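Structure record follows, encoded as structure tokens.
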Amino acid sequence: MSVSNDREEAPGGAADREQGAAGQPLLSLSDVEKSFPGVKALRGVRFDLRAGEVHALMGENGAGKSTLMKIITGVYQPDSGEMRVSGEPVSVPDPRAAQALGIGIIHQELFLMNHLTAAQNIFIGREPRKGFGLFVDEQQMRADADALFRRMKVDIDPDVEVGTLTVARQQLVEIAKALSFNSRVLIMDEPTSALNETEVEHLFAIIEDLKRQGVGIVYITHKMDEVKRIADRVTVMRDGQYIDTLPAATTDMATIISLMVGRELADSTRAEGRGAEEEVLRVEGLNRGQVIRNVSFSLRRGEILGFAGLMGAGRTEVARAIFGADPIDSGEITIHGRRQAISSPKDAVALGLAYLSEDRKHFGLVTGMSVSDNITMASWRRFTKGRVFMDDARLREASKDYVARLKVKTPSVFQETRLLSGGNQQKVVIAKWLLRDCDILIFDEPTRGIDIGAKAEIYKLLQGLAAQGKSIIVISSELPEVLRLSHRILVMCEGRITGELDGREATQESIMHLATLRPSIAAE
Amino acid sequence: MKKILTATVFALSAATMFSTAAKAEEVYFPIIAKGFSHQFWQAVKAGAEQAAKDNGVTITFEGPETEAQIDKQTDILNAAIAKKPQGLGFAALDSQAQVPALQKAADAGIPIVAFDSGVDSDLPLTTCTTDNVNAAGAAADKMAEAIGGEGKIAAEIHDQTSATGIGRRDGFLNRIKEKYPKIEVVEVQYANDALKAADDIKAMLQAHPDIKGIFASNEGAAIGLSVAIKETGAKIVGIGYDSGKTQKDAIMDGTLYGSITQNPVGIGQCVVNSLAKAVKGEKLEKIIDTGYYWYDKTNMNDPKVAAVLYD
Amino acid sequence: MTDITLEQAGAKKSSLFSTAALQKGVAFVVLIALLAFFSIFTENFAAWNNMVNIMQATAVNGVLGVAVTFVIISGGIDLAVGTMMTLTAVMAGLVLTNLGMPLPVGIAAALASGGVMGLISGSAIAKLKIPPFIATLGMMQISRGLALVFSGAKPIYFNSTPNYKYLSPESSISSLIPGFEVPNGVFIMFGVAIAASIVLNRSLFGRYIFALGSNEEAARLSGVNVDFWKILTYALSGAICGVAGLLISSRLNSAQPALGLGYELDAIAAVVIGGTSLSGGRGTILGTIIGAFIMSVLTNGLRSMGVQEEWKIVVTGVIIMVAVFVDIILRRRA
């Protein structure tokens, strides 16, 4: 396969020659342009997908991947450019048209109706009918769903209520739904972001299977190792432009990353070890039902403590419990040497604790309010005249100060936070807690949804905060992130702490070993 | 769970405390009105209770919250029939819709007396009612007399679908049309509460500054009329319907010219007396007109009139 | 220095074109258009005393609208405002007429009883986690029932308190400016609206109301005492209903216990027409007042034109839908 051909000629032509008798590529786009008010989202983008291929699409957030996918699936209309399916020029005025053309998409956030069964979800709007079309033929629908699941080699009961399934299995239902349209093109948008290792393996097996059946898969991801594992080709986009298409097998990660960010990334460094500092937080015997079981640990001044583990290991639950967001059954929390009863986030904040949720849009930010309002929200009481009226001038000054200190990129402090990028939103949340004088910061997935380029900046910010004497807990599912940031690493599995590792000595393997040390299995 | 149980038991026992359920072995008549919070119904209730005392029977007096809730009234009716009473008083919100429910009562041999407005059926033994058409016609005569038999007038009606609303409107309008060709009715509007009626009438007066008189078809409309006249200072003849303290005061101080009142106390007495007679097997007239009174400054303190007025 | 001026310019521009401001603008344009339409096509509409009529007709709905605006911005709903208004009027009547207390005590009784009812709704919502729709639906019935119980299902008259009429229908200003016969109730409505605007936009409480409506969970995790502010919001709404109770009973010179049902929907309609989002976090008092004016101009104007009652209701419904549709269009574009 010749990469240079791909780059020099229209995708259709190149694929023609390579696929020979197979004829046209499944899907090809050329010279796609799309503008939104004030923004040129896509410029001269091209992309093609062959039958039985996994084609990874990579790029930082804002590179134009989602816009391109929305054009393919008929959500957006391109300003110009051509789209062909099996060589035929097509127009896709709406998502229904895309389905009719055999294009299916698995969104990163799943769109399933939790209270309906798997079969009902798959065939919603297209239910097989009986009795003059007045009744749903439940039996037929169940059989069809079952056939789909069998084709995917998964074991899901078509009658199960979707809400009771794990996220991974819900995703399989989504895939079955996409396949039920006889999709020949399947777009997967970060399909593994909520899956654990075993589930990822299972998904990959299904993808391999689909490949053999001739389905072409567009695979959007941020994860390099997945690209290596599963993709045949990689297309990189940056700033709304097509950059390059490369064979996955022979391209190294550094090349891809430098294409994505347009510059070389500084090599990842490990955290410096720290000497003995005073203990600021001690947690002893924390319990909450089955999700937190006898968790004890301590945090020192200026320390970054990593919490590693698989999804559902109980790390977020521990953080929320310490913060008073969820009730606990038992346990003692000592802050700065004093035992404290924390029954609500209000108590926790008063003690200098801050929790930065992974789900910034739901728990971290009031996205409809301004940068200034968000930065000052936890401190509003301090910015009043006579405790009643807001002192907007001081409010503005304080938020401007933090915008400058944390280098938040925003046109003004009055900008609505929903218009900021993920990295800058995270900085706004951090600013909120710094302004509130919090000195124990708990970060839950601090770089989720943040560009690779901005990640490094967040890392530097956290390390700087620790150096200034703030104490930080980092909960992360990305092992390189935990390894890079943490002075000390605690690993959890099934609600327990299964081990502690020194940040300098830990490896991905040693963490994974502890993360899968399932006490429930060991006990049986 | 325990909490919920305690709360439920508490709520139910509280409800029992407020209820006036009939004791066994007594002659019991449920009286179902079109409402209960309006002063008119309170007066009917007073008359019914008085008659119940005289006849030595037990009654309950119920009604839906608003006069639009035909379905709720039907529920109340069904519940009352289920108690197997010796007789039933009923003021139908809809003259046809509730006939099937009444049929059940008739089938069970329960004597029915209709009141206030009739039912399109032979089921009720009698109907105690004011002839609204006739009474509103009398209001039209008074209006014509007061404005000198010519000029523009308007009407504010409390409801466009109920029998009383239609009867009073048509009774008033038809009498004007038939007898007073020089009087022109420029507006007929509808509002079901006093505040809305007041703003309505002020807008009417604005649109037609030469209006000489306005007829308001029930207590709420009449309050609205008196508020509107006071606030605008308009020199018009205001004629109301029913009574109530605001309306009486307005007549006393000259804001309103006068009003028609039904005989609500008489209606209440008529219902219970007729039921008592029916239980004894006496024959009843098909319709009992409980009458109406015209009242104004001059006769309000006449004991015969004062007895049927309520605050 | 240049940076700052640029920033400020940017901010000004964005607030001018923000959706809330636009919606308010649209509502205002609709109001002006309606006024112009009726002035041209209806005799006597444009007269000054008819404008006074319209203002007076707006007072009660305007004040109730302000009460609901707070709750709706905070992400809730209050279906009890109409019947709470009735209950507060009855309470004022009990205190003034039955107990013979002086006028200020009666005013305090109306405001306090409204506040307490709101406090109860708010506590049920914040502490017992009953959804606002259900909790205030319950409160609607509770306050309606209590109004009937306390009044003995009879109107209470204010004849023993002659000064009571100064709360609404009398015009104090006409003694200062002869001929300027604007009733006190209108000034009270504007006073309530201005005070409410200041609370909403300038106070700490107001800022929390917006934060609650935009993202309650984020506010909670920021250490905000969410329950407290939520309860306070409903209590404030209840107290404002007390103002409406005083206005309506002063104008009718009586507390009518059977009145009040349906007023909550008119109030919510005014809020929605005024561009406040039913999903919370967005809205203005000015918009609500404009919305209330649109409704009463429509009622008055259609009445003056002699449009049938039935069609008046239809037109009002259409206007509500159009207003919300415009809101959706504007938000989609933003």
Side-chain angles (χ1 to χ4, degrees), chain B residues 18 35-43 45 63 65-69 154 156-157 159-161 186-210 219-220 223-224 226-228 230-234 244-250 253 310-311, chain C residues 42-47 49-54 56-61 141 144-145 147-149 151-157 159 165 168-171 181 183 247-249 251-254 256-263 266 296 299-310 312-313:
Chain B
F18 294 126
F36 62 91
S37 52
H38 211 283
Q39 284 313 288
F40 177 78
W41 298 112
Q42 291 289 320
K45 185 182 173 188
E65 288 172 358
T66 76
E67 299 199 5
Q69 294 173 329
E156 182 74 27
I157 307 298
D159 186 78
Q160 60 253 72
T161 51
V186 291
E187 289 237 24
V188 178
Q189 292 294 351
Y190 303 88
N192 56 8
D193 83 41
L195 187 72
K196 286 178 181 153
D199 289 326
D200 243 20
I201 291 166
K202 286 175 81 171
M204 262 190 225
L205 291 171
Q206 191 63 36
H208 308 281
D210 49 352
E219 184 186 347
I223 294 174
S226 70
V227 167
K230 274 194 188 129
E231 286 179 3
T232 55
K245 188 168 167 62
T246 305
Q247 196 171 176
K248 279 158 67 182
D249 288 352
D253 69 20
Y310 50 83
D311 275 341
Chain C
T42 312
E43 227 182 317
N44 300 323
F45 176 85
N49 62 347
N50 196 43
M51 293 301 120
V52 174
N53 287 351
I54 289 172
Q56 197 174 11
T58 310
V60 168
N61 192 29
Q141 299 294 2
R144 183 179 144 71
L148 289 168
V149 169
S151 64
K154 287 193 189 90
I156 303 176
Y157 301 92
N159 291 344
K165 62 179 182 292
S168 181
E170 283 298 308
S171 177
E181 292 271 355
L247 291 182
I248 194 168
S249 56
R251 188 148 176 228
L252 298 177
N253 193 34
S254 57
Q256 298 281 339
L259 202 115
L261 224 51
Y263 280 66
D266 282 350
S296 46
T299 313
N300 183 293
L302 293 174
R303 164 75 66 256
S304 303
M305 282 181 89
V307 173
Q308 265 183 321
E309 174 74 16
E310 294 84 335
K312 218 180 67 190
I313 300 170

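Values below: all heavy atoms of this structure, side chains included; hydrogens, waters and symmetry mates excluded. Here the structure is a predicted model, which means the values were calculated and not measured. Numbered from 1 within each chain, the chains take letters A, B, ... in sequence-line order.
C:Asn49 and B:Gln206 are linked by a side-chain donor-acceptor pair at a separation below 3.5 angstrom, with hydrogens and angles left out of the test.
Between C:Leu252 and B:Ile223 there is a side-chain heavy-atom pair separated by less than 4.5 Å. Side-chain atoms of B:Tyr190 and C:Ile313, non-hydrogen and from C-beta on, never get closer than 4.5 Å to each other. Side-chain contact check for C:Lys154 versus B:Lys245: every heavy-atom pair is 4.5 Å or farther apart.
For B:Asp249, the part sitting under 4.5 Å from any heavy atom of chain C is the side chain, from C-beta outward, and nothing else. Only the side chain of C:Asp266 comes within contact range of chain B, with heavy atoms under 4.5 Å apart. Looking at C:Ile248, the atoms closer than 4.5 Å to chain B (heavy atoms on both sides) all sit in the side chain, from C-beta outward. With a 4.5 angstrom heavy-atom cutoff, B:Leu195 touches chain C via backbone and side-chain atoms both. For C:Pro155, the parts lying near chain B are the backbone and the side chain together; criterion is any non-hydrogen pair under 4.5 Å. With a threshold of 4.5 angstrom between heavy atoms, C:Leu261 approaches chain B through side-chain atoms but not through N, CA, C or O.
Summarising the geometry, atom CG belonging to C:Asn50 is positioned 10.5 Å from atom CG belonging to B:Leu205; distances are rounded to the nearest 0.5 Å. Atoms CG and NZ, on B:Asp200 and C:Lys312 in that order, are 4.5 Å from each other to the nearest 0.5 Å.
The candidate with the highest count of non-hydrogen atom pairs below 4.5 Å against chain B, out of C:Ile54, C:Leu259, C:Thr42, C:Thr299, is C:Leu259. Chosen from B:Val227, B:Asp193, B:Asn192, B:Thr232, the residue pairing most often with chain C at heavy-atom distances under 4.5 Å is B:Asp193. Chain B forms the most heavy-atom pairs under 4.5 Å with one residue out of C:Asn253, C:Val52, C:Asn53, C:Asn300, and that residue is C:Asn53. Contacts with chain C were tallied for B:Met204, B:Gln189, B:Gln42; B:Gln189 has the most, counting heavy-atom pairs under 4.5 Å. Chosen from B:Gly244, B:Gly224, B:Ala207, the residue pairing most often with chain C at heavy-atom distances under 4.5 Å is B:Ala207.
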